[in-house]
Amino acid sequence: QVRLVESGGGLVQAGDSLRLSCAVSGRTFSTYPMGWFRQAPGKEREFVASISRDSISTNYADSVKGRFTISRDNAKNTVLLQMNSLRPEDTAVYYCASTRLSYIRSYSPVNLLDYYYWGRGTQVTVSS
């Protein structure tokens, strides 16, 4: 059974940093791209960042480019999201996700529909 568990969320002030972590079990982690998404109250879930299975390629939403960094440690079955210069508009529940298919080494999907396995999310709240 594939399981994704996020951690690291919390309440911070604007300008602060947080690092989210997602631990994956139940599959060969290094074979699949990973992504981070977020969902604010009353809004649809949106793409934040993704990383190819061996970190060759990353993609970011325009709203987080230059502030967020996605990385993965295949030895620890973990994907990270370093979030710097946080803004109140970054407030949301953050979800990590894994694709169902392995894809080519350099592919890091941005479409929510490419992801099949999801964690339960971790709340990030940024106060002004």
Side-chain angles (χ1 to χ4, degrees):
Q1 181 180 359
V2 179
R3 189 175 182 217
L4 286 71
V5 180
E6 302 95 338
S7 61
L11 172 63
V12 296
Q13 293 186 332
D16 286 351
S17 298
L18 275 177
R19 189 176 77 164
L20 304 184
S21 179
C22 175
V24 180
S25 60
R27 65 180 352 197
T28 305
F29 177 75
S30 60
T31 308
Y32 303 93
M34 295 293 298
W36 284 96
F37 291 77
R38 67 187 182 187
Q39 188 166 17
K43 295 187 177 181
E44 294 186 349
R45 193 169 298 189
E46 65 175 7
F47 169 76
V48 175
S50 64
I51 188 166
S52 61
R53 64 189 201 189
D54 55 2
S55 305
I56 286 178
S57 166
T58 56
N59 282 304
Y60 295 92
D62 288 344
S63 59
V64 307
K65 277 181 183 176
R67 300 188 298 121
F68 291 12
T69 302
I70 189 171
S71 61
R72 66 190 295 163
D73 186 336
N74 286 347
K76 296 182 178 179
N77 289 6
T78 301
V79 60
L80 303 173
L81 185 68
Q82 178 66 43
M83 305 186 296
N84 298 329
S85 302
L86 283 161
R87 304 167 180 168
E89 54 264 38
D90 295 319
T91 296
V93 178
Y94 284 71
Y95 300 89
C96 73
S98 179
T99 64
R100 186 171 190 175
L101 305 177
S102 61
Y103 296 110
I104 60 175
R105 293 174 60 199
S106 60
Y107 187 50
S108 53
V110 303
N111 192 327
L112 182 147
L113 297 178
D114 285 324
Y115 291 86
Y116 186 79
Y117 298 101
W118 294 83
R120 292 189 174 184
T122 185
Q123 176 71 46
V124 172
T125 303
V126 185
S127 63
S128 57

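As a basis for the values below, the full set of heavy atoms in this structure was taken, side chains included, without hydrogen atoms, waters or symmetry mates.
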Undergrad: Is there a side-chain contact between Ile56 and Tyr107 (heavy atoms, below 4.5 Å)?
TA: no

Undergrad: Could you measure the distance from the CZ atom of Phe29 to the OG atom of Ser98? Nearest 0.5 Å is fine.
TA: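 Here the interatomic distance stands at 7.5 Å.
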
Undergrad: Following the transitive rule for hydrophobic clusters with a side-chain heavy-atom cut-off under 4.5 Å over Ile, Leu, Val, Met, Phe, Trp and Tyr, establish whether Phe47 and Trp118 coincide in one cluster.
TA: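 Per the 4.5 Å side-chain linkage, Phe47 and Trp118 are co-clustered.
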
Undergrad: Could you check if a side-chain atom of Val64 sits within less than 4.5 angstrom of a side-chain atom of Arg38, using non-hydrogen atoms only?
TA: yes

Undergrad: Measuring from atom CE of Met34 to atom OH of Tyr117, what distance do you get when rounded to the nearest 0.5 angstrom?
TA: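 Here the rounded value is 12.0 Å.
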
Undergrad: Side-chain donor-acceptor contacts of residues 4-18 below 3.5 Å, not counting sequence neighbours, with atom names and distances?
TA:
{"unit_1": "Glu6", "atom_1": "OE1", "unit_2": "Arg120", "atom_2": "N", "d": "3.1"}
{"unit_1": "Glu6", "atom_1": "OE1", "unit_2": "Gly121", "atom_2": "N", "d": "2.8"}
{"unit_1": "Glu6", "atom_1": "OE2", "unit_2": "Cys96", "atom_2": "N", "d": "2.9"}
{"unit_1": "Glu6", "atom_1": "OE2", "unit_2": "Gly121", "atom_2": "N", "d": "3.2"}
{"unit_1": "Asp16", "atom_1": "OD2", "unit_2": "Gln13", "atom_2": "N", "d": "3.1"}
{"unit_1": "Ser17", "atom_1": "OG", "unit_2": "Asn84", "atom_2": "OD1", "d": "2.9"}

Undergrad: Give a yes or no on whether Val110 and Tyr32 share a hydrophobic cluster (residues Ile, Leu, Val, Met, Phe, Trp, Tyr; joining criterion: side-chain heavy atoms under 4.5 Å apart).
TA: no

Undergrad: Can you tell me how far the CG atom of Asn77 sits from the SG atom of Cys22, to the nearest 0.5 Å?
TA: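 The SG atom of Cys22 is 10.0 Å from CG of Asn77, to the nearest 0.5 Å.
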
Undergrad: So if you build clusters from Ile, Leu, Val, Met, Phe, Trp, Tyr with side-chain heavy-atom gaps below 4.5 Å, do Tyr95 and Leu86 land together?
TA: no

Undergrad: Taking all non-hydrogen atoms of both residues into account, name the closest pair between Ala40 and Ala92 and its distance.
TA: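 The pair with the smallest heavy-atom distance is N-CB, 3.8 Å.
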
Undergrad: Charged N to carboxylate O under 4.0 angstrom, Arg87 versus Asp90?
TA: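 Looking at Asp90 together with Arg87, the answer is no, because their closest N to O distance does not fall below 4.0 Å.
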
Undergrad: Let me check something: do Leu112 and Val48 share a hydrophobic cluster, defined by ILVMFWY side-chain heavy atoms less than 4.5 Å apart, either directly or through other members?
TA: no

Undergrad: Do the non-hydrogen side-chain atoms of Arg67 and Met83 ever get within less than 4.5 Å of each other?
TA: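 Arg67 does not reach Met83 side chain to side chain.
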
Undergrad: Find the distance between CD1 (Ile70) and CD (Gln82) and round it off to the nearest 0.5 Å.
TA: 12.0 Å

Undergrad: What distance separates Arg27 CZ from Arg3 CZ, expressed to the nearest 0.5 Å?
TA: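 Nearest 0.5 Å value for the CZ-CZ distance: 15.5 Å.
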
Undergrad: Donor-acceptor check, side chain of Ser52 to backbone of Ser106, threshold 3.5 angstrom: yes or no?
TA: no

Undergrad: Arg53 vs Ser102, test: side-chain contact (heavy atoms from CB on, under 4.5 Å). Steps then yes/no.
TA: CA-CA 8 Å; Arg53 64 189 201 189; Ser102 61; 3.9 Å; yes

Undergrad: Would a line drawn from the ring center of Tyr115 to the ring center of Phe37 be shorter than 6.0 Å?
TA: yes

Undergrad: Verify ring-ring contact (aromatic ring centres under 6.0 Å, His included) between Phe68 and Trp36, making sure each step is shown before the conclusion.
TA: CA-CA 11 Å; Phe68 291 12; Trp36 284 96; 9.9 Å; no

Undergrad: Give a yes or no on whether the backbone of Leu80 and the side-chain of Arg19 come within a donor-acceptor separation of less than 3.5 Å.
TA: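 It does not hold such a pair.
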
Undergrad: May I ask you to check whether Thr78 and Ser21 show a side-chain donor-acceptor distance below 3.5 Å?
TA: no

Undergrad: So Asn74 and Arg72, do their side chains get closer than 4.5 Å, heavy atoms only?
TA: yes

Undergrad: Do the side chain of Thr99 and the main chain of Leu101 share a donor and acceptor less than 3.5 angstrom apart?
TA: yes

